[in-house]
Engineer: 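Here you go, one structure.
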2 protein chains.
Amino acid sequence: MKKRILISDIAKALGVSVTTVSFILNDKAKEKRISESLTKRVLDYVKKVGYKPNELAKSLRTGKTKIIGLIIEDISNPFFGNIARLIETKVYEQGYRIIYCSTNNDSEKTKELIGMFNDRQVDGFIITPSEGIEETISNLIQSNVPVVLFDRYLPEVETDYVIADNFQGAFDATVHFNEQGYKRIGLVSLYSDQTQMRDRLGGYMKAMDQFKKQAYIKKIQLDASEAEAIDELHEFVVDNRLDAVLFATNYLAITGLKSGKKHNYKLPALIAFDDHTVFKLHEPAITVVSQPIEEIANHIINILLLKLQGKAKAIKHLTLPCELKVRESSILKR
Amino acid sequence: MKKRILISDIAKALGVSVTTVSFILNDKAKEKRISESLTKRVLDYVKKVGYKPNELAKSLRTGKTKIIGLIIEDISNPFFGNIARLIETKVYEQGYRIIYCSTNNDSEKTKELIGMFNDRQVDGFIITPSEGIEETISNLIQSNVPVVLFDRYLPEVETDYVIADNFQGAFDATVHFNEQGYKRIGLVSLYSDQTQMRDRLGGYMKAMDQFKKQAYIKKIQLDASEAEAIDELHEFVVDNRLDAVLFATNYLAITGLKSGKKHNYKLPALIAFDDHTVFKLHEPAITVVSQPIEEIANHIINILLLKLQGKAKAIKHLTLPCELKVRESSILKR
DNA sequence: TATTTAAGCTAAAAGGATTTATTAAGCAAA
DNA sequence: TTTGCTTAATAAATCCTTTTAGCTTAAATA
């Protein structure tokens, strides 16, 4: 177990000062007028002995950790997992690392996480905010920490966010159902006032209102067990004799599919929010309102990097269009 | 933007020394014989002003960061995503945080990641090792950093690991095929010498040898595109007139399903390694060799925490049994 | 009375970098 | 000779804790 080599060791070995070595290593040789010969000598030696600075000491001094806090609803949900993966790859190229935690939409946990990440002095935050953390986020922003929200936003907090056009997505899906000739079109959502849920509901309602059709809306408790949800969905579809259902999240749609399997009833036409392997492979394949995952990730990173470099000008609210991927599940067979 | 409050501010405000405050905050009041009245006075004040120590300074001094490096093949694969989620939840309770990166099985990236996490002085590592990183891991272990491998291990490196019993799992699956009366049983795996792949192949071979049956083995390139893989699988199944196929990973099996859909041929009986929502919902439901994800996560954490506390006695090699979850896809209908 | 012992607290070092302010030497101009 | 300006480098301060080693004071023991 050999001892770590320090910048002072380098300085001593070469008979120069620590300052000089530090300047050279931080690309300030030119600016600080260190001679080229010495610069080369130091760099060669550093390479030879494989010196790597202590990042903690560096961070303590500079206040920068090169770490980004990713606070996400649930890393095991493919939608979030995929975004996490894209984000991670992108920031990696810029020398940043990700420290993450899942919130499970628990606002207490979210607050705690933000606090802890902040104590760890992450350089910036990427957050899927749960409800009731407006103040926490505001404090963050007031203390000048770069924050980008995604998937949903907090109307009362002025901050950058990147979301999908949930309203239009739900609207389009509902219109599609109507065009296909479905009569009794339901929506399955969650007991949640988060903006993405509110907008999906809104898009559905707007379309239904336009068609002068009765709305059928079923909300599931956030903390309901899957078994409970399965039964509730069965009841919802059968009792209302629905011939088409729009699901506000991928896992709700999956629960719907399981419900059909368990209670062995014929599923109505289906559209799910967020694509998922299950939907592509299902027989019939499930139509989805697909969010532009890669674009979302790209925009999040771009905004955050600008903010980290202090180059961000105005606050950005980005709403990216969804794509309705029509598959068999929403086509009426006559 | 108010200034951060420091431990020296507390000391000054109360007219005591920084040392005293530090002792009290680190639960050493008793040990260091600080009077109870002073202890209380300090704690009350700290609470009142909401002082939180600078974790970077703390880490610099103590050498502990309370961060664990999770280096995982692919966070967007539900198998890994789920394990990540479980690990994260467990270590969170112990005050640790996770910093992670996906390797995509790229050994160069893995080496780089280990190096960077090490520079950041993570307290311990959880790694799904890719091939060719034996030396990197050895160095880590020699410098006394706690490391736990999972999903696969490195035969040449003496370190703790937690894996599923891949050999037995594949063996059981193959036996099950045979019992069901399938004649031409194939295996789809990867061009990879990682232990989990080797063992799954081994289990399949042992069973096939016992039954004196010809083996049909198709390996896919790690870097093959999904489209290529889909076509290759089609060819493999049809050309060999296979009536049963065991897939060595969940995504290979999914590719297999897609292959059936694309080329519109009747799929043989199927068994997949690792469960996945797709398999539960598929029509017919897919039989799987399911890994005990929760147990795996628990054991990883337990071992790591013991090592972090310096209480680990011997090196642990844990091999946990898989469960064959028989569903419709592997039942021969007569 | 002189010396230990214990209680209660603290000054200063250490951890390892970055950054500010300063110096020393050499040369040109006044 | 003095002043001023470059160039090339450095000493020391700083970031904020924890921890080592030690200092008072008072009571207990020899």
Side-chain angles (χ1 to χ4, degrees), chain A residues 2-43 45-46 49-67 95 118-123, chain B residues 2-43 45-46 49-67 116 118-123:
Chain A
K2 57 187 175 235
K3 213 173 110 275
R4 242 193 119 100
I5 169 164
L6 309 179
I7 196 170
S8 51
D9 298 331
I10 309 254
K12 207 172 294 165
L14 296 179
V16 297
S17 79
V18 166
T19 311
T20 307
V21 179
S22 174
F23 283 151
I24 293 175
L25 288 177
N26 289 287
D27 287 329
K28 291 187 184 157
K30 277 262 159 49
E31 179 191 334
K32 297 291 179 181
R33 293 179 294 239
I34 312 284
S35 68
E36 279 190 27
S37 65
L38 180 54
T39 302
K40 184 166 178 333
R41 205 152 64 90
V42 169
L43 287 178
Y45 185 76
V46 161
V49 298
Y51 164 74
K52 297 211 188 143
N54 180 320
E55 296 291 333
L56 284 174
K58 243 177 126 143
S59 296
L60 176 60
R61 181 64 240 237
T62 61
K64 302 284 167 222
T65 53
K66 285 274 179 175
I67 295 182
N118 212 21
D119 294 345
R120 292 255 158 90
Q121 288 170 264
V122 299
D123 288 350
Chain B
K2 57 185 175 239
K3 211 172 112 278
R4 241 192 120 97
I5 169 165
L6 309 179
I7 196 172
S8 52
D9 298 331
I10 309 255
K12 209 172 292 166
L14 296 179
V16 295
S17 79
V18 166
T19 311
T20 306
V21 178
S22 174
F23 282 152
I24 293 175
L25 288 177
N26 289 286
D27 287 330
K28 293 188 182 155
K30 276 264 158 51
E31 180 191 333
K32 298 291 178 182
R33 294 178 297 239
I34 313 285
S35 68
E36 279 190 27
S37 64
L38 180 54
T39 301
K40 186 167 177 332
R41 205 153 63 89
V42 168
L43 287 178
Y45 185 76
V46 162
V49 298
Y51 163 75
K52 297 214 189 138
N54 179 320
E55 296 291 334
L56 284 175
K58 241 176 128 144
S59 294
L60 177 60
R61 181 63 238 229
T62 61
K64 302 283 165 223
T65 53
K66 285 271 177 179
I67 295 181
M116 309 204 103
N118 210 21
D119 294 345
R120 293 255 158 90
Q121 289 170 265
V122 299
D123 288 350

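In what follows, chains carry the letters A, B, and so on, assigned in the order in which the sequence lines appear, proteins first and then strands, with residues in each chain numbered from 1.
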Engineer: Main chain of B:A29, side chain of B:T39: is a donor-acceptor contact present, judged purely on distance under 3.5 Å?
Structural biologist: no
Engineer: Where do A:S22 and A:T19 land on the side chain to side chain donor-acceptor pair (under 3.5 Å) test, with the steps shown first?
Structural biologist: CA-CA 5 Å; A:S22 174; A:T19 311; over 6 Å; no
Engineer: Just call it for B:L6: base, sugar-phosphate, or nothing, with non-hydrogen atoms closer than 4.0 Å on any strand.
Structural biologist: sugar-phosphate
Engineer: C:dG16, D:dT19, D:dT10: which one has an atom nearest the side-chain heavy atoms of B:F23?
Structural biologist: D:dT19
Engineer: Please report, rounded to the nearest Å, how far the C1' atom of C:dT18 is from the CD1 atom of A:I24.
Structural biologist: 14 Å
Engineer: Please classify the nucleic acid contact of A:I34 as base, sugar-phosphate, or nothing, using heavy-atom distances under 4.0 Å.
Structural biologist: sugar-phosphate
Engineer: Using a 4.0 Å heavy-atom cut-off, does A:T62 contact any base of the nucleic acid, only the sugar-phosphate backbone, or nothing at all?
Structural biologist: sugar-phosphate
Engineer: Under 4.0 Å, heavy atoms only, any strand: does A:V18 hit a base, just the sugar-phosphate, or nothing?
Structural biologist: base
Engineer: Take the protein atom CZ of A:R61 and the nucleotide atom P of C:dG15, then report the distance between them rounded to whole Å.
Structural biologist: 19 Å
Engineer: From NZ of A:K64 over to P of D:dC16, roughly how many Å is that when rounded to an integer?
Structural biologist: 13 Å
Engineer: Indicate yes or no for a side-chain donor-acceptor contact from A:T20 to the backbone of A:V16 under 3.5 Å, with no hydrogens or angles considered.
Structural biologist: no
Engineer: Contact class for B:S35 (heavy atom, under 4.0 Å): base, sugar-phosphate, or nothing?
Structural biologist: sugar-phosphate
Engineer: Please evaluate the base of D:dT19 for a donor-acceptor partner in the side chain of B:T19 within a cut-off of under 3.5 Å?
Structural biologist: yes
Engineer: Between B:K28 and D:dT19, does any side-chain N or O lie under 4.0 Å from OP1 or OP2?
Structural biologist: yes
Engineer: Taking the six-membered ring of B:F23 (Phe, Tyr or Trp), confirm whether the NZ or CZ of B:K32 is under 6.0 Å from its centre and within 45° of its axis.
Structural biologist: yes
Engineer: Indicate, with a heavy-atom threshold strictly under 4.0 Å, whether B:L56 touches base, sugar-phosphate, or nothing.
Structural biologist: nothing
Engineer: Measure from the side-chain heavy atoms of B:K58 and tell me the nearest of C:dA17, D:dT17, D:dA11.
Structural biologist: D:dT17
